[in-house]
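All remarks here apply to the structure that follows.
None of these values were measured; they are calculated from a predicted model.
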Protein chains: 2
Amino acid sequence: MFDDSWEPPAILLAVDLVILTLRDSRLHVLLIERGIEPHRGTLALPGGFLRDANEDIEDAARRELNEEAGLADVHLEPLNVYGEPGRDPRGRVVSVAYLAITPRLPEPVAGTDAVRACWTSVEDALSSDAELAFDHRRIVADGVERARTKLEHTALATAFCGETFTISELQQVYEAVWGIQLDPRNFYRKVQGARGFIVADGPLRRTANGRPARLFRAGPDQVLYPPMVRTAHVAPQGPNGSAN
Amino acid sequence: MFDDSWEPPAILLAVDLVILTLRDSRLHVLLIERGIEPHRGTLALPGGFLRDANEDIEDAARRELNEEAGLADVHLEPLNVYGEPGRDPRGRVVSVAYLAITPRLPEPVAGTDAVRACWTSVEDALSSDAELAFDHRRIVADGVERARTKLEHTALATAFCGETFTISELQQVYEAVWGIQLDPRNFYRKVQGARGFIVADGPLRRTANGRPARLFRAGPDQVLYPPMVRTAHVAPQGPNGSAN
DNA sequence: TAGCTTCTTGTCAGTTCGACAGGAAGTGCT
DNA sequence: AGCACTTCCTGTCGAACTGACAAGAAGCTA
């Protein structure tokens, strides 16, 4: 495999976080303004290096989640690895990106360590005039794409909601992440028909305007059957190429 | 983020390959018998360290694919990262696992560098009495699970076939990976109904026994619509808990 | 009580799905 | 050739599901 004199190269390991949430019925990602030099002043994903050689990678991700965003107990899953040789001027940095999903939060993220943390709509973050540090633009795009497809066949949507939620709140998640509009009546049927997706949570109620809605909580199953198929069902506005 | 005197820890980066193929109508994974010390003599996934600090991770994966399995031009996609602190006695080794899919090959893999490379049925590799080095058992399980779910909504199945294939060959892929049996007539309808999945490749023919089959090749689309939903449709043998 | 809002239950026609029958097109044997 | 056998492929039928839409239920405000 390799001769005895050869030593494998050492690299630096970082974690980056794509933290998604819903604000104002639109999908947002948390970005911070970098306070240190490579790309100082530009927007980037929260993240950082492994603290020491014994820290577990997912633990590091949760630590950064807490330090930089003040978050705990959120859905967290590995997204991908980004290790292209030239991506970081400090050396060979390999970054493990995680996807985190959180319910809508009280406000602009408290207790953060970073210079400035702000929720940015995904649309803005990915628009061509926004500048993101390193290859973070691609990481954001990958994270959003992951969320989009996982919504179809897993119960990931519930991670965007609080512990209990109404069906129309859940519908807003699908509409925001997919960028389309759905019929509330058919959505009801579908969501309730997927076994183990959501379970009723007491006949409680809520909201202030119309008829009170029933509350649900996440069900036991993660994989949805039948899946929530996303038919090209474009919103009221103009043509919107149903690209692959 | 961190004070100036602090230095991020260096780690060793490896790649591991879960190479799947179909042999004898069953899903197989390529394992090698380790020739060097940590876990010498036990079965493990092909893989190795990054060659130098400038090698791209995916390039390293393709290099190992070639060196250890004699393969090139196969489907290759990132699977996950495995970096738990105690997983390798040599130090802090973080391994990037890739999932590779290849059509059935001429024979037991030629030109390999490893002591012994052998195709093992996934069933055997994951059975409790098989011993795999490091955390490779879990990596194999993750790879198989990834293949199973990607078969549902992507054209991944075509990666198991040669450049051209018949519909029943494609069906065998689904049956082997999912471990269930499907009705050929309904499978036809479904596969042909998924736009962009497969396209006819001349009215050619093949096989030696029954009526010649039409040949197809992979179509332009990777995402399947409608998806190939996997209904619990158990094979002729006994009860088989439809677990999640 | 009327009017507004939002939630929830239905209905209906078109489509898809799973189970199954039967014809089409090769090979090999007598 | 004729027949048995194999595999491929096209159809059919009732059940289940889907998307479009109507109408009732249940709260608030005026």
For a quick check of understanding: with a heavy-atom distance under 4.0 Å over all strands, which category does B:S168 fall into, base, sugar-phosphate or nothing?
sugar-phosphate
Euclidean distance, atom CG of residue A:N186 to atom C1' of C:dT11 [Å, nearest integer]
12 Å
Taken to the nearest whole Å, CG/B:L215 to P/C:dG26 is 14 Å
Here the distance between atom C1' of C:dC7 and atom CD of A:Q172, to the nearest Å, is 13 Å
Counting only N and O atoms by type, is there a donor-acceptor contact under 3.5 Å from the side chain of B:T154 to the main-chain atoms of B:L151?
no
From CG of B:D183 across to P of D:dT12 the rounded distance in Å is 17 Å
Between B:D183 and B:R185, is the closest basic N to carboxylate O distance under 4.0 Å?
yes
Please enumerate all residues that pass ring pair (Phe, Tyr, Trp, His ring centres under 6.0 Å) together with A:Y82, with sequence neighbours excluded.
none
Could you list all N or O pairs between the protein and nucleotides 27-30 of chain D that sit under 3.5 Å apart?
from, atom 1, to, atom 2, distance (Å)
D:dG27, OP1, A:R205, NH1, 3.0
D:dG27, OP1, A:R205, NH2, 3.3
D:dG27, N2, A:N209, O, 3.4

Below 4.0 Å: OP1/OP2 of D:dA26 and any side-chain N or O of A:R214
no
B:R230 CZ - C:dG18 C1' separation (whole Å):
18 Å
What pairs with B:H28 under ring pair (Phe, Tyr, Trp, His ring centres under 6.0 Å), at least two apart in sequence or on another chain?
none
What pairs with B:D59 under salt bridge (charged side-chain N to carboxylate O under 4.0 Å, His left out), at least two apart in sequence or on another chain?
none
Who are the ring pair (Phe, Tyr, Trp, His ring centres under 6.0 Å) partners of A:F134, not counting sequence neighbours?
A:H39, A:H136
Taking only residues two or more places apart in sequence, or in another chain, which ones meet A:D201 in a salt bridge (charged side-chain N to carboxylate O under 4.0 Å, His left out)?
A:R217
What are the atom names and distances for every N/O pair under 3.5 Å that joins the protein to nucleotides 13-17 of chain C?
none

The salt bridge (charged side-chain N to carboxylate O under 4.0 Å, His left out) partners of A:K150 (sequence neighbours excluded) come to A:E77
What is the distance, to the nearest angstrom, from the CD atom on A:Q171 to the P atom on C:dT6?
12 Å
Enumerate the residue pairs fulfilling salt bridge (charged side-chain N to carboxylate O under 4.0 Å, His left out) with a member in residues 165-181 of chain B, sequence neighbours excluded, ordered by first and then second residue.
B:E169-B:R206
Please give, in whole Å, the distance from C:dC7 P to A:F216 CZ?
12 Å
Could one point to a donor on the side chain of A:R185 or the base of D:dA22 with an acceptor on the other under 3.5 Å away?
yes
